[in-house]
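Just so it is clear, the structure is predicted and the values come from calculations on it, not from any experiment. Just so you know, these numbers use all the heavy atoms, side chains as well, and skip hydrogens, waters and symmetry mates. First the proteins, then the strands, lettered A, B, ... as listed; each starts at 1.
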Amino acid sequence: MRIATWNINGVKARIEALTAWLKEASPDVVCLQEIKSVDEGFPREPISALGYNIETHGQKGFNGVAILSKRPMEDVRRGLPGDEPDAQSRFIEALVPGENGMVRVCSAYMPNGNPIGTEKFALKIDWHARLEGWAARKLELEEPLVIAGDYNIIPEPIDTKYPENWSGDALYQPESREAFRRLCALGLTDAIRAVDDRPGVFTFWDYQAGAFQKNNGIRIDHLLLSPEASDLLIQVGIDKHVRAWEKPSDHVPVWVELAA
DNA sequence: ATGGTTGAAACTCAA
């Protein structure tokens, strides 16, 4: 089973790139972030025509997450436990059937947190604390679990071309990096890092100043695996070539293949 | 040092 995560930066602006990539990569499950659409505005037809079931958790204008799956999903839940009733739409989870049992998958769009020292940064830290609590409870189930999404965290210096440029940014603050380490310390595996620990492996390149052409990127889209999912890990990938397509997202798809 | 870009929505914000 291949499970991908992709911050598509607007599903309606990206529908051609999304369908082209679905045809090319044919993933079993796709976690989308920043759909920037209400549920009723989500372009379902061209996606369901490719054989995908669709579960969305959108909002007007920005944020919004979704899960696409070839097999029908079960136990779909929207929102991160502890969210206020009017919280931003940043989390959706579902159980996905595999060849040998269920995999729990969530699509998360973690707060950006800029500028530091503001309420936005406080929200980022609070959000991660609640995610950590959620993850700890799910890990007790001892099931294959994939926490996929745009974490908006650069975990280590090798995850950016110019670490010094990010010293004042919420994505690289010690508190942000600590939140990521604490998640991993629960027993979760950073799938890309586990397979490839070389510097210069990125998932996001800014639209500005020719960042992609210079490979001035960062690695902020992650798939964290429970021990039971990690035991099933076959391979990982980053579909970097998609960033060079017409009208690209600033993020590219990142995926794992599990023997599930 | 500044500005460089994009999407959604609406005469600006979030990234």
Side-chain angles (χ1 to χ4, degrees), chain A residues 5-21 30-44 46-47 56-66 80 83-84 86-91 107-128 148-155 159-162 164-173 175-177 179-180 202-222 239-254:
Chain A
T5 180
W6 190 10
N7 178 323
I8 48 169
N9 189 19
V11 67
K12 292 182 285 254
R14 212 69 61 215
I15 191 62
E16 289 199 29
L18 175 58
T19 51
W21 175 74
V30 185
C31 299
L32 297 175
Q33 301 89 38
E34 279 205 274
I35 63 174
K36 295 187 176 181
S37 171
V38 294
D39 295 336
E40 311 81 68
F42 193 94
R44 304 182 67 92
I47 296 168
T56 63
H57 183 40
Q59 71 176 92
K60 187 178 177 182
F62 61 115
N63 301 322
V65 289
L80 184 64
D83 275 350
E84 301 290 335
D86 60 345
Q88 298 174 337
S89 297
R90 296 182 173 275
F91 189 88
S107 176
Y109 177 48
M110 289 65 166
N112 175 293
N114 279 305
I116 59 175
T118 67
E119 291 233 330
K120 291 185 177 182
F121 190 73
L123 169 73
K124 181 188 186 92
I125 298 304
D126 174 69
W127 206 94
H128 273 278
D150 175 0
Y151 282 69
N152 268 315
I153 294 175
I154 302 166
D159 297 313
T160 165
K161 187 161 186 179
Y162 300 111
E164 63 276 15
N165 287 1
W166 295 89
S167 61
D169 195 286
L171 278 58
Y172 197 59
Q173 289 310 290
E175 299 96 318
S176 308
R177 296 173 57 196
F180 190 80
F202 304 136
T203 66
F204 167 96
W205 298 261
D206 200 285
Y207 286 122
Q208 302 180 77
F212 182 62
Q213 288 70 22
K214 295 182 253 185
N215 197 32
N216 178 12
I218 53 178
R219 191 176 74 95
I220 56 174
D221 300 276
H222 309 299
D239 288 348
K240 182 175 180 179
H241 65 284
V242 172
R243 185 63 178 77
W245 287 359
E246 288 289 310
K247 261 176 79 82
S249 171
D250 38 9
H251 301 248
V252 296
V254 183

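Of all nucleotides in DNA chain B having an atom under 4.0 Å from a heavy atom of chain A, the first and last in 5' to 3' order are B:dG4 to B:dA15.
The side chain to side chain donor-acceptor pair (under 3.5 Å) search around A:D239 returns A:W21, A:W255, not counting sequence neighbours. For A:R243, there are no salt bridge (Lys or Arg N to Asp or Glu O under 4.0 Å) partners two or more places apart in sequence or in a different chain. For the side chain to side chain donor-acceptor pair (under 3.5 Å) test, residues two or more places apart in sequence or in another chain that qualify with A:T160 are A:W166. Partners of A:H222 under the side chain to side chain donor-acceptor pair (under 3.5 Å) rule, at least two apart in sequence or in another chain, are A:R219. Among residues two or more places apart in sequence or in another chain, the ring-ring contact (aromatic ring centres under 6.0 Å, His included) test is passed with A:F91 by A:W134. Applying the side chain to side chain donor-acceptor pair (under 3.5 Å) test to A:Q173 and every residue at least two apart in sequence or in another chain returns nothing.
Comparing A:N112 and A:Q208 by the nucleotide of DNA chain B whose heavy atom lies nearest to each, the residue mapping closer to the 5' end is A:Q208. Of the two residues near DNA chain B, A:K60 and A:N63, the one whose nearest nucleotide lies more 5' is A:K60.
The stretch residues 33-44 of chain A comes close to DNA chain B through A:K36, each having a heavy atom under 4.0 Å from the strand.
When heavy atoms are screened at a 4.0 angstrom cut-off, A:R90 is found touching the sugar-phosphate backbone but no base atom. No contact: A:F204 has no heavy atom under 4.0 Å from any strand.
Going from the C1' atom of B:dA1 to that of B:dT12 covers 24 Å, rounded to whole Å. Taking atom P on both B:dT5 and B:dA10, the two are 24 Å apart, rounded to the nearest angstrom. B:dA9 and B:dA15 have their C1' atoms separated by 15 Å, given to the nearest Å.
The list of salt bridge (charged side-chain N to carboxylate O under 4.0 Å, His left out) pairs with a residue in residues 108-126 of chain A, not counting sequence neighbours, reads A:D126-A:R130.
The closest side-chain donor-acceptor pair between A:W205 and A:N216, if any, does not fall under 3.5 angstrom.
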